[in-house]
Amino acid sequence: ILVSNTSSLRLSRLALAAPDPERFAGLHFFNPVPKMQLVEVVRQDVTSEETLDRLTAFCGDIDRLPVVVTDHPGFLVNRALMPYLMEALLLMEEGVDKERIDGAALAFGMPMGPITLADHVGLDICVDVAESMRDDLDKPMADTPRLLRDKVEAGETGKKSGKGLWNWSDGEPDPEQKRDDALADRMILPMLDACVECLRLGVVAEEDEVDGTMTFATGFAPFRGGPLHYARARGVEDIVRQLEKFEEKHGPRFKPDKGWDRF
């Protein structure tokens, strides 16, 4: 079995060069690997069931939680996470203080603000993943902010370089939690919409898999029960209405996915 840990490249394209495409798949681990329990087991078009069974068993053997996903751009986690990160970075470029952005996300229940998370991931990785996904998605994503490109070009790629959107010589950022529902919606709702898209397209099979995966892989506000549980609890009509308002103001990247009709 040959596997790739890619977070964004399409496995169906890589499979064209695999010695045995039926035994080629993805095992996408998350950083920091020693702490993150979830692994996306990614099937491409001709991955055999035997290969998937062996890979999910392997994840169990190394004390990890496997979720089988299809070869969708960004799979499930990055497909949902990147719109959240990009929207936060656009807000910063629009002049919103990064302390306020991270504080709103923390108050919503996220374990880390998106600006801090982007620095942890690496700003260069954020650019690469977003642009790789953007080319393959039917729905538009937010443009990569100029601010982000400038940071990468200057070598300020985040925590690993000592400086990114935060100055890491000052230690781990500790923005004050402050509830801001409008700001949180601008970041969180694109994530929810991407989760609905992934469910509609069969990237994962069940709602519970979406909620469990996003909770374990991204720390999505655990007390809210996962993004789709939160959407149901808040009210799907309210979510769709707010997405439509954002679409009118900010463009088609906020257009509600047609999968909301199934809820």
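Being a predicted model, the structure only gives us computed values, none of them experimental. What's counted below: heavy atoms across the whole structure, side chains too, no hydrogens, waters or symmetry copies.
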Enquirer: Give a yes or no on whether Phe75 and Met36 share a hydrophobic cluster (residues Ile, Leu, Val, Met, Phe, Trp, Tyr; joining criterion: side-chain heavy atoms under 4.5 Å apart).
Expert: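 Yes, Phe75 connects to Met36 through the hydrophobic network.
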Enquirer: Please check if the side chain of Arg23 supplies one atom and the backbone of Thr51 the other of a donor-acceptor pair under 3.5 Å.
Expert: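 Answer holds: no.
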Enquirer: What residues, two or more places apart in sequence or in another chain, satisfy ring-ring contact (aromatic ring centres under 6.0 Å, His included) together with Phe108?
Expert: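 Phe108: ring-ring contact (aromatic ring centres under 6.0 Å, His included) contacts with Phe220, Tyr230.
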Enquirer: Is the shortest distance from a Lys or Arg side-chain nitrogen in Asp185 or Lys245 to a carboxylate oxygen in the other one below 4.0 Å?
Expert: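 No salt bridge links Asp185 with Lys245.
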Enquirer: Are the side chain of Asp97 and the backbone of Glu99 linked by a donor-acceptor contact shorter than 3.5 Å?
Expert: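 Checking the backbone N and O of Glu99 against the side chain of Asp97, no donor-acceptor pair under 3.5 Å is found.
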Enquirer: Using modelled atom types only, decide if a donor and an acceptor are shared between the side chain of Thr56 and the backbone of Asp53 within a distance under 3.5 Å.
Expert: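 Yes, the answer is positive, given that a donor and an acceptor are paired below the 3.5 Å cut-off.
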Enquirer: For Gly219 versus Pro111, what's the shortest heavy-atom pair and its separation?
Expert: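 Scanning both residues, the minimum pair turns out to be O-CD, 3.0 Å.
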Enquirer: Got a donor-acceptor contact below 3.5 angstrom from the Asn5 side chain to the Phe29 backbone?
Expert: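 Flag set: sc Asn5 to bb Phe29 pair under 3.5 Å.
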Enquirer: Side-chain contact test, heavy atoms from C-beta onward, threshold under 4.5 Å: evaluate it for Leu27 versus Phe58 and give yes or no.
Expert: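 The answer is yes, as the side chains (C-beta and beyond) meet within the 4.5 Å cut-off.
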Enquirer: If you compare all heavy atoms of Leu183 against all heavy atoms of Ala104, which two are closest, and at what distance to 0.1 Å?
Expert: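 Closest heavy-atom pair between Leu183 and Ala104: CD2-CB, 3.9 Å.
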Enquirer: Would you say the side-chain atoms of Thr218 pair up with the backbone N or O of Thr215, donor to acceptor, closer than 3.5 Å?
Expert: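 No, the answer is negative, given that no donor and acceptor are paired below the 3.5 Å cut-off.
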Enquirer: Taking the side chain as everything from C-beta on, heavy atoms only, tell me whether Pro256 gets closer than 4.5 Å to Ile239.
Expert: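 Not touching, per the 4.5 Å side-chain cut-off.
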Enquirer: State the CG-CD distance between Asp102 and Gln177, to the nearest 0.5 angstrom.
Expert: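 Between Asp102 CG and Gln177 CD, I get 11.0 Å after rounding to 0.5 Å.
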Enquirer: For residues Leu76 and Glu40, report the shortest heavy-atom separation together with the two atoms involved.
Expert: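 Heavy atoms of Leu76 and Glu40 come nearest at N-OE2, 3.2 Å.
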Enquirer: Given side chains that start at C-beta, do those of Phe30 and Leu81 come closer than 4.5 Å, heavy atoms only?
Expert: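 Not touching, per the 4.5 Å side-chain cut-off.
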Enquirer: Could you note down all residue pairs passing side chain to side chain donor-acceptor pair (under 3.5 Å) where residues 199-209 supplies at least one of them, sequence neighbours left out?
Expert: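 For residues 199-209, and leaving out neighbouring residues, the side chain to side chain donor-acceptor pair (under 3.5 Å) pairs sorted by first residue read Arg200-Asp257, Glu207-Arg232.
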Enquirer: Quick one: ring-ring contact (aromatic ring centres under 6.0 Å, His included) partners of Phe24, sequence neighbours excluded?
Expert: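 ring-ring contact (aromatic ring centres under 6.0 Å, His included) list for Phe24, sorted by chain: empty.
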Enquirer: With a 4.5 Å limit on heavy-atom distance, are the side chains of Ser4 and Leu9 in contact?
Expert: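 They are not in contact (no side-chain heavy atoms under 4.5 Å apart), so the answer is no.
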Enquirer: Using every non-hydrogen atom in the two residues, find where Leu11 and Gly26 come nearest and quote the distance to one decimal.
Expert: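 The answer is CD1-N, 3.5 Å.
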Enquirer: Between Leu148 and Met86, is any pair of side-chain heavy atoms under 4.5 Å apart?
Expert: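 With C-beta onward as the side chain, the pair touches.
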Enquirer: Spell out, as yes or no, whether a donor-acceptor pair under 3.5 Å connects the side chain of Asp180 to the backbone of Arg100.
Expert: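 Looks like no, no N/O pair under 3.5 Å.
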Enquirer: If you count the non-hydrogen atoms of other residues, nucleotides and ligands that lie under 6.0 Å from CG in Asp138, is the total more than 12?
Expert: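 Counting neighbours around CG of Asp138, 12 or fewer heavy atoms of other residues, nucleotides or ligands fall under 6.0 Å, so no.
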Enquirer: Quick check: do Asp63 and Gln37 have side-chain heavy atoms less than 4.5 Å from each other?
Expert: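 A side-chain contact exists here, since the closest heavy-atom pair is under 4.5 Å.
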Enquirer: For residues Val96 and Phe246: do they belong to one hydrophobic cluster (side chain heavy atoms under 4.5 Å, members Ile, Leu, Val, Met, Phe, Trp, Tyr)?
Expert: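 In one cluster with Val96: Phe246, yes.
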Enquirer: I'd like to check the salt bridge (charged side-chain N to carboxylate O under 4.0 Å, His left out) partners of Asp174; sequence neighbours left out, ordered by chain and number.
Expert: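 Testing Asp174 for salt bridge (charged side-chain N to carboxylate O under 4.0 Å, His left out), a comparison that skips the adjacent residues, returns none.
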Enquirer: What verdict does the side-chain contact (heavy atoms from CB on, under 4.5 Å) test give for Val152 and Arg149, after you've listed the backbone C-alpha separation in whole Å, the side-chain angles of each residue and the deciding distance to 0.1 Å?
Expert: CA-CA 5 Å; Val152 172; Arg149 293 184 186 278; 5.8 Å; no
Enquirer: Tell me, with the steps shown, if His120 and Trp166 meet ring-ring contact (aromatic ring centres under 6.0 Å, His included).
Expert: CA-CA 10 Å; His120 271 273; Trp166 295 96; over 10 Å; no
Enquirer: Are Leu192 and Leu85 connected in the hydrophobic side-chain network, where two residues link if heavy atoms are under 4.5 Å apart?
Expert: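 Same cluster: Leu192 reaches Leu85 through Ile, Leu, Val, Met, Phe, Trp or Tyr contacts under 4.5 Å.
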Enquirer: So, taking the atom named OG in Ser12 and the one named CD in Gln44, what distance separates them when rounded to the nearest 0.5 Å?
Expert: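 It comes to 7.5 Å.
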Enquirer: With sequence neighbours excluded, give me every side chain to side chain donor-acceptor pair (under 3.5 Å) pair touching residues 76-90.
Expert: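 Every pair satisfying side chain to side chain donor-acceptor pair (under 3.5 Å) with a residue in residues 76-90: Arg79-Glu197, Glu87-Arg186, Glu87-Arg253.
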Enquirer: Got Met110 and Arg224 here, is their nearest side-chain heavy-atom distance under 4.5 Å?
Expert: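 In short, these two side chains do not touch, never coming nearer than 4.5 Å.
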Enquirer: Given 3.5 Å as the limit, does a donor-acceptor pair link the side chain of Thr116 with the main chain of Met112, or not?
Expert: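 Here the side-chain-to-backbone pair does not exist.
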Enquirer: Give me the atom names and distance for the closest heavy-atom approach of Leu123 to Gly164.
Expert: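 Nearest heavy atoms, Leu123 then Gly164: CD1-CA, 4.1 Å.
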Enquirer: Any chance you could lay out the side-chain contact (heavy atoms from CB on, under 4.5 Å) test for Arg43 and Glu49, step after step, and finish with the verdict?
Expert: CA-CA 9 Å; Arg43 75 159 77 222; Glu49 292 300 322; 3.0 Å; yes
Enquirer: Please determine whether residues Met141 and Leu243 belong to a single hydrophobic cluster, defined as Ile, Leu, Val, Met, Phe, Trp and Tyr linked transitively by side-chain heavy-atom distances below 4.5 Å.
Expert: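 In one cluster with Met141: Leu243, yes.
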Enquirer: Between Lys98 and Asp119, is there a side-chain N and carboxylate O pair less than 4.0 Å apart?
Expert: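 Looking at Asp119 together with Lys98, the answer is no, because their closest N to O distance does not fall below 4.0 Å.
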Enquirer: Between Ile101 and Ala88, what is the shortest heavy-atom contact and its length?
Expert: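 Closest pair (atom of Ile101, atom of Ala88, distance): CD1-O, 3.6 Å.
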Enquirer: Residues in salt bridge (charged side-chain N to carboxylate O under 4.0 Å, His left out) with Glu153, at least two apart?
Expert: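 Testing Glu153 for salt bridge (charged side-chain N to carboxylate O under 4.0 Å, His left out), a comparison that skips the adjacent residues, returns Arg146.
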Enquirer: Does Asp193 reach the side chain of Lys139, with side-chain heavy atoms less than 4.5 Å apart?
Expert: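 Counting from C-beta outward, Asp193 and Lys139 do come under 4.5 Å.
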Enquirer: Following the transitive rule for hydrophobic clusters with a side-chain heavy-atom cut-off under 4.5 Å over Ile, Leu, Val, Met, Phe, Trp and Tyr, establish whether Leu65 and Val68 coincide in one cluster.
Expert: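 No, separate clusters.
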Enquirer: If you measure from CZ on Arg13 to OG1 on Thr6, what distance do you get to the nearest 0.5 Å?
Expert: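 Output value for this atom pair is 11.0 Å.
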Enquirer: Apply salt bridge (charged side-chain N to carboxylate O under 4.0 Å, His left out) to residues Glu156 and Lys151 and explain how you reach the verdict.
Expert: CA-CA 5 Å; Glu156 298 176 2; Lys151 286 286 185 182; 2.9 Å; yes
